[in-house]
A.B. asks: 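The structure follows.
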Number of protein chains: 2
Amino acid sequence: MKNPSRTQFACLSALRVSPLSGYKIAETCNAWFSDFWSESYGQIYPTLKKLLLSEDIEKLPPEKGQRGDVYKITPKGLETLEAWLRLPAVPASFRDEYFLKFFGGSVVPVSVHLEHLARKRLQLDALLASAQTALKTLEIVPHPDKDYWTLMARHGEISYRAELAWLDEAEKLLKTKQNQATNQ
Amino acid sequence: MKNPSRTQFACLSALRVSPLSGYKIAETCNAWFSDFWSESYGQIYPTLKKLLLSEDIEKLPPEKGQRGDVYKITPKGLETLEAWLRLPAVPASFRDEYFLKFFGGSVVPVSVHLEHLARKRLQLDALLASAQTALKTLEIVPHPDKDYWTLMARHGEISYRAELAWLDEAEKLLKTKQNQATNQ
DNA sequence: GCCGTCATGTAAAGCGTTACATGATTAA
DNA sequence: TTAATCATGTAACGCTTTACATGACGGC
C-alpha cells in the first residue's frame, strides 16, 4: 500500500479504550483527538466494515436499550494496533493556509493581516481552554494510560501558549507597521 | 467548488516574489514554505496550465541559456491572489500520526514511546536550526515583506522551541515510568 | 561519455470530505 | 409532536501522492 489509510488505526485506538458505535468513534476522534486528528463518517463506516472482515474488531450482541451497532476490539485487532504503534510515525505534512496568507505580505493592507491574527487568537483561546479543561478532567481519571493522555493535553497547552506568544509579537510588529504607514 | 485546491494560491504566492519555472516553484514551496506547506510536481504542472488559461500567469519569452518555461504573475493573477488573501483562513486540520501513537499508551512498552520521542527530537532540532538559519538570512535581505517573512520564521523558532520543551517534559516522565516498571 | 540536476508531464490509485438520504429514539 | 440527537450509509467529486517516463543541459 502506498498511502495506507490511518483511519483504521484511529478507530482501533478509540475502541481500545472501550467499545463504541461508529457514531461515537467519530465523536471521540473529533473531541479527544481534535488537536491532532479528525475523521468523517464517510470514512469511518467503510473502515469498520473492513476491520470486521479482517477480524480486528467484532460486533457486540445488542443489549436492551442500545442504539445502533457497538464494536469491540479483538485480540487480533490489538496486535494490529500494537504493530502500527511500534512503527516510526510518518511526519505530519502541515498545510496551514494561514501562513500561506501571511507570506502574501504587502499584497494586502496590514489591517487584513491583523484581522487574520485576531481570528487566530480567538481560535487559540478556545483551544487552550479546552486543553486546560482536559487537564483538569484527567486529574480525577483513573486509567493506566493517564500519564500519556495528560502529556497529550500538556502538549496542547504548551504549544497553544507558544502560538499565543507569537501572536503577541506579530500583532505588536504589525501595529507599529500600520502606524508608520498612517503617519507618513 | 467544494474543496478548492490551494495549490494555485501557493503557486501565485511564489510567483509573486519572482518569475519561476514549475520545478523551481516546487523547490520554493518545499524549502521556503516547508514549515506549513508542501506541493508535489503532479499537482503543480496541471495547476500552471489552468492558471495560464485563466491568464493569472503568463509564460515569459525564453531567454538564452534558460531551461524550461518560466512563468510570471499577471496583474489579474495578483488580483486573484489578493482576493484570496483577504478571505479568512480555513483552519488547518492536523493529522499528526505521532500523537495518535502516543494515545496508544501502554499497548506498547514505554521504550517504544521513548524511541518515538527521540526521533521527534532529531526532527525538531533540524527544523529549529533551519528556522534560525532563515532568521539570519532574512537579516540582510532587503524586501518590503521582510517583516512578514521574519515573523514566519519566528513562528517556527517559537513553536519548535515549545515542542522541544514539551519533549523534555515527556521524556522525563516516561523515563520515571520506565524506572518504576524496572524496579518492581 | 556519464552522472547529477533541472525540467515537464501523465496515469493510477487511493484518500477524504461533503452532501445527501434515511430512520430510530428521546427529551421538551 | 416536534426537534434534537444518535445512528448508518452511499455517491460524487476532487484532491494529492506516487510512480513512471522522458529528456535537456552542464560539469567532471
Side-chain angles (χ1 to χ4, degrees), chain A residues 1-11 14-15 18-31 33-34 36-53 57 59-60 62-71 84 90-97 100, chain B residues 1-11 14-15 18-31 33-34 36-53 57 59-60 62-71 84 90-97 100:
Chain A
M1 272 175 285
K2 287 193 285 188
N3 261 333
S5 177
R6 294 156 306 178
T7 296
Q8 51 178 320
F9 302 116
C11 290
L15 291 177
S18 77
L20 296 167
S21 65
Y23 185 87
K24 287 259 171 67
I25 291 173
E27 240 187 9
T28 303
C29 288
N30 300 321
F33 300 170
S34 64
F36 57 90
W37 208 261
S38 71
E39 288 293 347
S40 51
Y41 298 116
Q43 195 84 339
I44 284 175
Y45 288 114
T47 300
L48 287 176
K49 271 190 182 171
K50 279 179 220 154
L51 287 171
L52 257 183
L53 277 177
I57 62 175
K59 207 180 277 192
L60 286 185
E63 291 186 19
K64 54 171 182 179
Q66 171 193 306
R67 278 208 243 174
D69 302 323
V70 171
Y71 299 94
W84 180 75
V90 175
S93 72
F94 292 128
R95 280 191 109 182
D96 194 336
E97 224 177 68
L100 198 50
Chain B
M1 271 175 286
K2 286 194 283 188
N3 262 332
S5 176
R6 293 155 308 178
T7 296
Q8 50 177 321
F9 303 117
C11 290
L15 291 176
S18 78
L20 295 167
S21 66
Y23 185 86
K24 287 261 171 66
I25 291 174
E27 240 187 8
T28 303
C29 289
N30 300 321
F33 300 170
S34 64
F36 57 90
W37 209 261
S38 72
E39 288 293 348
S40 52
Y41 297 116
Q43 194 84 339
I44 284 176
Y45 289 114
T47 300
L48 287 176
K49 272 189 181 172
K50 278 179 222 155
L51 287 171
L52 257 183
L53 277 178
I57 62 174
K59 206 180 276 189
L60 286 185
E63 291 187 19
K64 52 170 184 179
Q66 169 192 308
R67 279 207 243 173
D69 302 322
V70 172
Y71 299 93
W84 180 74
V90 175
S93 72
F94 292 129
R95 280 189 109 182
D96 195 336
E97 226 176 67
L100 198 51

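Chain identifiers are assigned alphabetically (A, B, ...) following the order of the sequence lines, protein sequences preceding nucleic acid strands; residue numbering begins at 1 within each chain.
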A.B. asks: What is the separation between atom CZ on B/Phe9 and atom C1' on D/dC15, rounded to the nearest whole Å?
C.D. replies: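 The answer, rounded to whole Å, is 14 Å.
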
A.B. asks: To the nearest Å, how far apart are B/Asn30 CG and C/dA7 P?
C.D. replies: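 After rounding, the gap between these two atoms is 15 Å.
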
A.B. asks: Evaluate the side-chain proximity of B/Arg95 to A/Thr7: yes if any heavy-atom separation is below 4.5 Å, no if none is.
C.D. replies: yes

A.B. asks: Round to a whole Å and report the spacing from CD1 of B/Ile44 to C1' of D/dT18.
C.D. replies: 15 Å

A.B. asks: I need the CZ-C1' distance between A/Arg95 and D/dG14, as an integer number of Å.
C.D. replies: 13 Å

A.B. asks: Enter the distance from A/Ser21:OG to A/Leu60:CG here, rounded to the nearest 0.5 Å.
C.D. replies: 11.0 Å

A.B. asks: Would you check if A/Leu51 and A/Leu15 make a side-chain contact, meaning some heavy-atom pair closer than 4.5 Å?
C.D. replies: no

A.B. asks: Below the 4.0 Å mark, does C/dG14 have OP1 or OP2 next to a side-chain nitrogen or oxygen of A/Ser5?
C.D. replies: no

A.B. asks: Rounding to an integer number of Å, can you tell me how far A/Glu39 CD sits from C/dT18 C1'?
C.D. replies: 15 Å

A.B. asks: Using OP1 and OP2 only, check whether a side-chain N or O of A/Ser38 sits under 4.0 Å from C/dT17.
C.D. replies: yes

A.B. asks: Between A/Tyr45 and A/Asp69, is the side-chain contact (heavy atoms from CB on, under 4.5 Å) condition met? List the steps.
C.D. replies: CA-CA 11 Å; A/Tyr45 288 114; A/Asp69 302 323; over 6 Å; no

A.B. asks: Could you run down the sub-3.5 Å N/O contacts of the protein with nucleotides 6-11 of chain D?
C.D. replies:
unit_1 : atom_1 : unit_2  : atom_2 : d
D/dC6  : OP2    : A/Tyr23 : OH     : 3.3
D/dC6  : O4'    : A/Arg67 : NH1    : 3.2
D/dC6  : O2     : A/Arg67 : NH1    : 3.4
D/dA7  : OP1    : A/Arg67 : O      : 3.4
D/dT8  : OP1    : A/Asp69 : N      : 2.8
D/dT8  : OP1    : A/Asp69 : O      : 3.2
D/dT8  : OP2    : A/Gly22 : N      : 3.2
D/dT8  : OP2    : A/Tyr23 : N      : 3.0
D/dT8  : OP2    : A/Tyr45 : OH     : 3.0
D/dT10 : OP1    : A/Lys49 : NZ     : 3.4

A.B. asks: Please determine if a side-chain N or O atom of A/Thr7 lies less than 4.0 Å away from the OP1 or OP2 oxygen of C/dC15.
C.D. replies: no

A.B. asks: Would you check if the side chain of B/Gln66 reaches a backbone N or O of B/Gly68 as a donor-acceptor pair within less than 3.5 Å?
C.D. replies: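 Here the side-chain-to-backbone pair exists.
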
A.B. asks: Check this for me, if you would: do B/Arg6 and B/Glu39 make a salt bridge, where the nitrogen-to-carboxylate-oxygen distance has to be below 4.0 angstrom?
C.D. replies: no

